[in-house]
Amino acid sequence: MKISFRLLVVAALFVTSLITANVIAVKLIAVGGTDIVLPAAILVFPLSYIIGDILTEVYGFAWARRVIWLGFLCNLIFVLFVWLGGLLPGADFWGGQEAYETILGFTPRLLAASFCGYLVGSFTNAAVMSRMKILTRGRHLWSRTIGSTVIGEGLDSAAFITIAFIGTPAFAPVFILYHWAAKTVIEVVATPVTYAVVNWLKGVEKSDVYDAGVSLNPFSLSEVKR
């Protein structure tokens with residue numbers, strides 16, 4: 001398949017939303033004055049799932065798989081250079097080292113949790129989208145976007161919160177429910193936008209891929225048939 005400018009834009013938006021989410025996740029917000037606490041990333045992280053849905057629906061699982069790995073690689077490069085930047089000695093007049101480490105000083109455990117949640121959730125989301133498209137014969141897009149998000153975001157939230165916080169005073173299983181519910185609600189609210197973007201892209205790209213026979217192995221970087 002010829003790589004179009006629009007596919008590059010979609011991939012860039014996916015990677016940008018992923019890295020942005022990982023940075024602003026440091027800030028915790030209280031929801032509507034309740035005791036429910038969520039990371040500020042709750043505003044942007046679902047966007048990566050919506051874009052992942054669009055990738056799989058329009059371009060197929062093989063391209064979604066490539067972009068998911070691209071996002072992982074870009075995130076890894078970002079984290080590496082943030083870490084190196086923190087090690088470099090600051091100028092004498094610069095007093096922002098503590099603030100730098102507060103916002104960007106990721107702990108190894110949080111990084112592992114973030115990477116595991118991302119890979120498990122994103123690949124599950126794309127796989128469910130791909131297989132449901134065949135089962136529904138391309139109809140009822142809403143059922144695929146919401147169904148894949150319910151499963152993908154659920155596994156993502158469970159993996160991240162469990163790996164990041166289990167065994168610490170901050171761990172509470174109900175946080176998994178809060179994360180999962182908030183992300184799913186955002187996906188549902190955004191469904192009309194997803195429909196509009198998918199229909200527009202299918203029209204201009206002349207692409208509506210069905211992954212019949214395509215392997216869902218996340219480690220394959222080619223369109224391997226069974």
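Heavy-atom basis, side chains included; hydrogens, waters and symmetry copies ignored. Quantities reported herein were computed from a predicted structural model and do not represent experimental measurements.
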Note to self: I'd like to check the side-chain contact (heavy atoms from CB on, under 4.5 Å) partners of F81; sequence neighbours left out, ordered by chain and number.
What the structure shows: I77, L84

Pair up each side-chain donor or acceptor in residues 183-197 with any protein partner under 3.5 Å, not counting sequence neighbours, and list the distances.
{"unit_1": "K183", "atom_1": "NZ", "unit_2": "S157", "atom_2": "OG", "d": "3.3"}
{"unit_1": "T184", "atom_1": "OG1", "unit_2": "W180", "atom_2": "O", "d": "2.8"}
{"unit_1": "E187", "atom_1": "OE1", "unit_2": "T149", "atom_2": "OG1", "d": "3.0"}
{"unit_1": "T191", "atom_1": "OG1", "unit_2": "E187", "atom_2": "O", "d": "3.2"}
{"unit_1": "T191", "atom_1": "OG1", "unit_2": "V188", "atom_2": "O", "d": "2.9"}
{"unit_1": "T194", "atom_1": "OG1", "unit_2": "A190", "atom_2": "O", "d": "3.2"}
{"unit_1": "Y195", "atom_1": "OH", "unit_2": "L141", "atom_2": "N", "d": "3.3"}
{"unit_1": "Y195", "atom_1": "OH", "unit_2": "W142", "atom_2": "N", "d": "3.0"}

Check: Any side-chain donor paired with an acceptor under 3.5 Å for N125 and S148?
Finding: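 Yes, a side-chain donor-acceptor pair sits under 3.5 Å.
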
Check: For Y49, what residues pass the ring pair (Phe, Tyr, Trp, His ring centres under 6.0 Å) criterion, not counting sequence neighbours?
Finding: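 With neighbours one apart ignored, the set is F45.
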
Checklist line | For F72, ring pair (Phe, Tyr, Trp, His ring centres under 6.0 Å) partners two or more places apart | finding: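 Ring pair (Phe, Tyr, Trp, His ring centres under 6.0 Å) list for F72, sorted by chain: W69, F115.
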
Next item on the list: State whether the side chain of D211 and the backbone N or O of F61 hold a donor-acceptor pair below 3.5 Å, judged by distance alone.
Entry: yes

Margin query: Determine whether a donor-acceptor pair (N or O, by modelled atom type, separation under 3.5 Å) exists between the side chain of S207 and the backbone of V58.
Written below: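 Side chain of S207 to backbone of V58: a pair is present.
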
Item checked: Min side-chain heavy-atom separation V23-F78 under 4.5 Å ->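 The answer is yes, as the side chains (C-beta and beyond) meet within the 4.5 Å cut-off.
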
Item checked: For the student: nearest non-hydrogen atoms of A64 and T56, plus distance -> CB-OG1, 3.3 Å

Checklist line | Closest contact, heavy atoms only, G121 versus D156 | finding: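 Here G121 and D156 meet closest at CA-CB, 4.0 Å.
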
Next item on the list: Enumerate the residue pairs fulfilling side-chain hydrogen bond (donor to acceptor under 3.5 Å, both in side chains) with a member in residues 114-124, sequence neighbours excluded, ordered by first and then second residue.
Entry: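 For residues 114-124, and leaving out neighbouring residues, the side-chain hydrogen bond (donor to acceptor under 3.5 Å, both in side chains) pairs sorted by first residue read N22-S114.
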
Check: side-chain contact (heavy atoms from CB on, under 4.5 Å) between L70 and F14: does it pass, once the steps are laid out?
Finding: CA-CA 10 Å; L70 176 65; F14 179 85; over 6 Å; no

Next item on the list: Kindly write out the residues that satisfy side-chain hydrogen bond (donor to acceptor under 3.5 Å, both in side chains) with D208, not counting sequence neighbours, or none if the list is empty.
Entry: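 For D208 the side-chain hydrogen bond (donor to acceptor under 3.5 Å, both in side chains) partners, ignoring immediate neighbours, are K133, K202.
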
Note to self: Let me check something: do L7 and V9 share a hydrophobic cluster, defined by ILVMFWY side-chain heavy atoms less than 4.5 Å apart, either directly or through other members?
What the structure shows: yes

